[in-house]
Amino acid sequence: MKSTKIYRGTIVYAPQLGALECLEHAYLVAESSVIAGVFQELPGKYQDAALEDFGDCLLIPSFTDLHLHAPQYAMMGMGFDLPLLEWLNTYTFKEEARFADAGFARTVYEALATELVRRGTTRVCMFSSLHREGTLILMDALERAGITGFVGKVNMDRNSPDCLRETCEESLAQTRRWLDECDGRYAHIKPILTPRFTPSCSDALMEGLGRLAEEYELPVQSHLSENDAEIEWVRTLHPDCEQYWETYAKFGLWKRGTIMAHCVHSDVRERAAMRSAGVWVAHSPDSNTNLYSGVAPVRKMLNERLSVALASDVAGGAKLSMLHAAAEAIRASKLRYYYSGKRPDEAYLTVPEAFYLATSAGQQYFGSGPGFCVGDSLHAIVLDDSALPPSRPLAPAERLERLIYADDSRTIRAVISEGRRLV
């Protein structure tokens, strides 16, 4: 028999880019953790089912975060006076090396999983470090917390300190062992292959990862065209490749479902290659500003029908909150629009569009439809804006905008992942 759960509140979701669906004092029904429908009036067949009434609170889809670095959670807010490559060498690589210590990894990753839930993020694509044991500890922590998504053991065999580098043979062997250990271990967390980025992976390692991707039928995540110096470095490492993306494509890592973080400096040809292959863009506006990498051409990407979703990119991004990421995406796009001379093809993001990128867009990477689609697993959060300063009566869209810009964790009252109540 199906177990039915009914949630009542002011339901807000984004069925498509730029649109909001708002139903005040409506009902969201789930049967056996699967969405059965959104109703303004509750159908008679559900009249006797258990109801949780959230009053005037907003009931929205939970957030997705398409790119973040779990071991960097311990160094959020550090080193932002440095550009990307100096930041990696001065702070990041040294911090990630600490995750050879399983006890330290367990402490940090349990805290990270708890904070993700508290911030309303229930689906993630995440980098671990290169440590196999630490990666399993991370996956264990996320599974226990009720989070769904993909985690990758990072691969890197060059251009990094001795304390954070494997040989090519070690990297591939440890990755295969990790994949075999994942088999049957998790209900909600899955592996994803994770070459850190082209400069840290030899041709032999990239070739081996391409074979693993095919053998295990796995998705891939990495970085692309984030920083000017990085792009020039890639050009010297791969003189046979005209553009950065080709360094992944020639090894079988550029395919449908691949996630590329940043793409700040991706030109029209690189963007066309993404669209043609079905590669996703993880837009990380907070990180791109903090490390002064630039502002990604998100409007052009959307106009060109690329698959784009938001990411925190902790710790390049200074906060886990996807409310914060949505606000930063709007701010960054406004600056790009202004300095473009207010060109229409650089029009800034609106609040409904940023909300879509933080919820519905990412949901589709995980196989769900946008918003609250019948037949999808239920992922939702409840936002209570009574903690914010008093205001005049507001429409649901105005309340959502206020909550995005306020970015106040006190407003998150309940979190539901795969139909399971987490908070």
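Note that the structure is a prediction, hence the values are computed from the model and not measured. Sequence positions, counted from 1, serve as the residue numbers for this chain.
- Judged by distance alone, the side chain of Thr359 and the main-chain N or O of Phe355 form a donor-acceptor pair under 3.5 Å.
- The main-chain N or O of Asp81 is found under 3.5 Å from a side-chain atom of Tyr292 such that the two form a donor-acceptor pair.
- Residues Ser287 and Gly317 share a closest heavy-atom pair of CB-N, 3.5 Å.
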Q | From CA spacing to verdict: salt bridge (Lys or Arg N to Asp or Glu O under 4.0 Å), Asp267, Lys300 | A | CA-CA 10 Å; Asp267 65 8; Lys300 289 182 177 179; over 6 Å; no
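- Side chains of Asp180 and Tyr216: a donor on one and an acceptor on the other come within 3.5 Å.
- With Tyr109 as the fixed residue, the ring-ring contact (aromatic ring centres under 6.0 Å, His included) test singles out one of Phe104, Phe99, Tyr73: Phe99.
- A donor-acceptor contact shorter than 3.5 Å links the side chain of Thr247 to the backbone of Tyr244.
- Minimum heavy-atom separation, Trp254 to Ala273: NE1-O, 3.3 Å.
- Side-chain atoms of Arg413 do not come within 3.5 Å of backbone N or O of Leu383 as any donor-acceptor pair.
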Q: Just do the salt bridge (Lys or Arg N to Asp or Glu O under 4.0 Å) check on Glu207 and Arg211 with the steps written out, would you?
A: CA-CA 6 Å; Glu207 184 178 358; Arg211 290 195 298 268; 3.6 Å; yes
(Q) Show, in sequence, the C-alpha distance, side-chain angles and deciding distance for Asp408 and Arg410, and conclude whether the salt bridge (Lys or Arg N to Asp or Glu O under 4.0 Å) test is met. (A) CA-CA 5 Å; Asp408 189 334; Arg410 296 175 301 167; 2.6 Å; yes
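- Side chains of Gln363 and Asp376: no donor on one and acceptor on the other come within 3.5 Å.
- In this structure, the side chain of Trp245 does not engage the main chain of Ser225 through any donor-acceptor pair within 3.5 Å.
- Each of Met274, Arg275, Met260 was checked for a side chain to side chain contact (heavy atoms under 4.5 Å, CB included) with Val281, and the lone residue meeting it is Met274.
- A side-chain N or O of Lys250 and one of His238 form a donor-acceptor pair less than 3.5 Å apart.
- In this structure a side-chain-to-backbone donor-acceptor pair under 3.5 Å is present from Ser321 to Leu323.
- Side-chain atoms of Asp157 and Ser200 include no donor-acceptor pair closer than 3.5 Å.
- Side chains of His379 and Thr122: a donor-acceptor N/O pair is present below 3.5 angstrom, by distance only.
- Side-chain atoms of Glu21 and Pro15, non-hydrogen and from C-beta on, do get closer than 4.5 Å to each other.
- Side-chain contact between Leu378 and Phe372 is present, with heavy atoms from C-beta onward closer than 4.5 Å.
- Of all the heavy atoms in Trp178 and Gly152, the pair that sits closest is CH2-CA, 3.9 Å.
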**Q.** Stepwise ring-ring contact (aromatic ring centres under 6.0 Å, His included) test for His324 and Phe63
**A.** CA-CA 11 Å; His324 174 74; Phe63 299 118; over 10 Å; no
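- Side-chain polar atoms of Asp313 and Ser284 form no donor-acceptor pair below 3.5 angstrom.
- Heavy-atom neighbours of Gln174 CD from other residues, nucleotides or ligands within 6.0 Å: above the threshold of 12.
- Trp280 pairs with exactly one of Tyr365, Phe366, Phe150 by the ring-ring contact (aromatic ring centres under 6.0 Å, His included) rule, that one being Tyr365.
- Between the side chains of Ser171 and Asn155, a donor-acceptor pair is found at a separation under 3.5 Å.
- Between Asn288 and Ser293, the side chains place no donor N or O within less than 3.5 Å of an acceptor N or O (distance only, hydrogens not considered).
- Side-chain N or O atoms of Thr107 include one that pairs as donor or acceptor with a backbone N or O of Gly103 at under 3.5 Å.
- Side-chain contact annotation: Arg196 with Ser222, donor-acceptor N/O pair under 3.5 Å absent.
- Judged by distance alone, the side chain of Ser368 and the main-chain N or O of Gln364 form no donor-acceptor pair under 3.5 Å.
- Judged by distance alone, with hydrogens and angles left aside, the side-chain atoms of Ser360 form a donor-acceptor pair with the main-chain N or O of Ala14 at under 3.5 Å.
- Tyr91 and Gln72 share no donor-acceptor pair across their side chains, judged by distance under 3.5 Å alone.
- Without hydrogens or angle criteria, Ser160 side chain to Leu164 main chain gives a donor-acceptor distance under 3.5 Å.
- A donor-acceptor pair shorter than 3.5 Å cannot be found between the side chains of Ser33 and Glu418.
- Taking 4.5 Å as the limit, some side-chain heavy atom of Glu304 sits within range of a side-chain heavy atom of Val268.
- Across Met301 and His262, no two heavy atoms sit closer than the pair CE-O, 4.5 Å.
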Just list the side-chain donor-acceptor pairs under 3.5 Å for residues 182-193, sequence neighbours left out, or say none.
unit_1 : atom_1 : unit_2 : atom_2 : d
Arg185 : NE     : Asp140 : OD1    : 3.3
Arg185 : NH2    : Asp140 : OD1    : 3.4
Arg185 : NH2    : Asp140 : OD2    : 2.9
Tyr186 : OH     : Leu136 : O      : 3.3
Tyr186 : OH     : Asp140 : OD1    : 2.8
His188 : ND1    : Glu143 : OE2    : 3.2

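- For the pair Thr411/Leu388, a side-chain contact is recorded, criterion being any heavy-atom separation below 4.5 Å from C-beta on.
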